[in-house]
Amino acid sequence: MNASPFATQFLNHLISSETSSRFSFSDYFLHVYDQSYDFCDTLPCLLSCGTALVTSPFSYEAAGLDAFCLLYTKKGAGRLLYEEKLLSPPLENFEELLPGTLAFIDCRKMHKLVCLRNIWEYTICFVTTPISAYFHQKLEASGSCVFHLDKDTEAFSAWEHFLKIKEADEMHCLMRSRELFIFYTQLCLSNALQQTGSYHVPSYIAEMKECFDRAYQEQYSLDDLARRYQVNKFTLGRQFAKYYIDTPLQYLNKVRIEKAKELLLHTNEKIGAIGQAVGIDNTNHFIRLFKEKTGVSPSVYRRETPVL
C-alpha cells in the first residue's frame, strides 16, 4: 500500500469492505500527486488515480472523505448507492455502472460501490473538493451523476486528455488541472444538451424524443419520421444527435434496452416476449443488441443481477 497521506485518509474513512484475493486498495493509488502547490487551493486537482479489476463479491462503503471520485467503467458492471439509499433502498434507488459510464461521486457523503457481475474493471480518480463541488452540484440537479461517455464526444476526448498526463512536477500538475476543468465543462455542456428544453431544442426534435420515451414499442424508420416531420432524414438525424448525442434510432434502442432490463428483473416473461414488448420482434437481434449495450446477454443479466 502506498503510504501517501491521501491513501491513509481514504482507508480511515472506510466503513466496511469486502474484497477478493485478486484486488487490493493499493490499486487505487498507482499514481499519487503532490497538493502543496499554490493553485491546489482553488483549482480542481488530482489526488490519486488507478485502474481496478475486481471480482464478485466486492464492495466497500465510505463516508466523510474530503474528495470527489470520478469512476469510469471499462468492463463488467457495478452499482452505486448513496446515503439514504443504503438504509432501505427501493428498486429504483441505485445507479448501475455499465461499460462507458462515468460516475461523479461526492465522497463526503455515505456511499457504497458493489461489483454486480463476475468481473468489473474501472478507472478511478480522486480529485480535490474546490471547483469539483460546484460542477457536481450543477450536474446533480439534472437528476443523476452517472453519465454515458460516448467515445466520439468532446467530453470523452477531454477525459482521455486528462488521464494522459502522468508526470508529477508542478507544470504537469497545472496542465492536469486545466484538462480536468475542461472535462467538467464539456460534461456539463453534454448533459445540458440532453435535457429537453435546454439550448432551445426544436419542437419537432423534442416531440420525437418524447415519442420514443413513451411509445418505444412502436416501429419506426428514419423515412417514416422524415415524412412525419417534413424534414430531410439526414438533417433529422444530425439535428437529433446535436441535442441528444445519439441518432434517433440509437436513442430509441437505448430506451428499449432500459425497459427490457426492468422486465428481465421484475417479470418471468421469456426473452423473446420481452424483446417484442419493447419493440424488437426478432429475438436474435434483441439478444445481440442487449449484449452490445450491456456487455452480457439478457439471460445472464437476469441471472446475475441482484434485485435489491
Side-chain angles (χ1 to χ4, degrees), residues 16 18 20 54-61 71 73-103 111-122 143-148 194 208-221 244 246-308:
S16 64
E18 181 177 12
S20 58
V54 305
T55 56
S56 182
F58 164 85
S59 68
Y60 78 77
E61 189 175 335
L71 189 153
T73 295
K74 295 181 175 181
K75 297 178 182 178
R79 177 168 287 173
L80 168 65
L81 298 99
Y82 253 141
E83 288 195 317
E84 67 278 358
K85 300 177 184 180
L86 294 170
L87 302 177
S88 55
L91 291 173
E92 71 274 11
N93 273 353
F94 62 83
E95 298 281 6
E96 197 165 309
L97 310 182
L98 299 173
T101 60
L102 180 129
H111 62 283
K112 185 175 185 177
L113 292 174
V114 182
C115 179
L116 275 190
R117 295 194 275 274
N118 291 336
I119 295 178
W120 182 22
E121 182 181 357
Y122 54 89
S144 172
C145 275
V146 176
F147 312 94
H148 188 83
Q194 292 182 65
M208 194 189 317
K209 176 183 178 296
E210 183 181 355
C211 189
F212 291 159
D213 290 337
R214 184 185 68 255
Y216 51 84
Q217 70 277 6
E218 300 295 331
Q219 298 303 310
Y220 301 90
S221 73
Y244 299 113
D246 296 309
T247 65
L249 298 185
Q250 286 173 339
Y251 180 86
L252 174 61
N253 282 331
K254 280 187 177 180
V255 173
R256 286 171 166 171
I257 295 304
E258 287 303 309
K259 298 299 180 181
K261 284 158 62 176
E262 294 177 13
L263 292 173
L264 284 166
L265 294 182
H266 307 309
T267 75
N268 294 318
E269 292 290 333
K270 293 183 178 180
I271 302 300
I274 288 176
Q276 292 176 359
V278 299
I280 306 173
D281 293 333
N282 185 300
T283 301
N284 289 332
H285 176 59
F286 169 63
I287 293 171
R288 285 196 299 271
L289 184 63
F290 191 95
K291 189 169 184 179
E292 176 186 318
K293 297 296 183 184
T294 68
V296 295
S297 67
S299 58
V300 171
Y301 182 87
R302 169 179 269 170
R303 183 174 67 248
E304 297 189 358
T305 302
V307 178
L308 297 180

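Quick note: residue numbers are just sequence positions, from 1. Here the structure is a predicted model, which means the values were calculated and not measured.
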Residues that Tyr216 engages under ring pair (Phe, Tyr, Trp, His ring centres under 6.0 Å), provided they are two or more places apart: none
Heavy-atom nearest pair, Gly76 first then Pro99, reads O-CD, 3.1 Å
If we only count heavy atoms from C-beta on, is the Tyr251 to Asp213 side-chain gap below 4.5 Å? yes
Partner set under ring pair (Phe, Tyr, Trp, His ring centres under 6.0 Å) for Tyr220, not counting sequence neighbours: Phe212
Quick check: closest heavy atoms across Gly78 and Leu116, and the distance to 0.1 Å? O-CD1, 3.7 Å
Interatomic spacing from NZ in Lys209 to CG in Asp246 - rounded to 0.5 Å: 11.0 Å
To the nearest 0.5 angstrom, please state how far the NZ atom of Lys74 sits from the CD1 atom of Ile119. 14.0 Å
List, one per line, each side-chain donor-acceptor pair under 3.5 Å for residues 277-293, sequence neighbours excluded.
{"from": "Asn282", "atom 1": "OD1", "to": "Asn284", "atom 2": "N", "distance (Å)": "3.0"}
{"from": "Asn282", "atom 1": "OD1", "to": "His285", "atom 2": "N", "distance (Å)": "2.9"}

Which residues pass the side-chain contact (heavy atoms from CB on, under 4.5 Å) test with Glu258, not counting sequence neighbours? Lys261
Classify the ring geometry of Phe58 against Trp120: parallel below 30°, tilted from 30° to 60°, perpendicular beyond 60°. perpendicular
Got a sec, which residues hit side-chain contact (heavy atoms from CB on, under 4.5 Å) with Ser59, two or more places apart in sequence or on another chain? Glu18, Lys112, Val114
Applying side-chain contact (heavy atoms from CB on, under 4.5 Å), can you list everything that pairs with Glu269, at least two apart in sequence or on another chain? Thr267, Ala273, Ile274
Atom CG in Leu102, atom NE2 in His148: separation rounded to 0.5 Å? 11.0 Å
Would you indicate whether the side-chain heavy atoms of Leu113 and Leu71 approach each other to under 4.5 Å? yes
If you count the non-hydrogen atoms of other residues, nucleotides and ligands that lie under 6.0 Å from CD in Gln217, is the total more than 12? yes
Hey, could you give me the OG/CZ distance between Ser297 and Arg303, rounded to the nearest 0.5 Å? 7.0 Å
Parallel, tilted or perpendicular: which describes the rings of Tyr82 and His111, with under 30° parallel and over 60° perpendicular? perpendicular
Measure the CG-OG1 distance between Leu264 and Thr294 for me, rounded to the nearest 0.5 Å. 9.0 Å
About how many Å separate OH of Tyr301 and CD of Glu96, when rounded to the nearest 0.5 Å? 3.5 Å
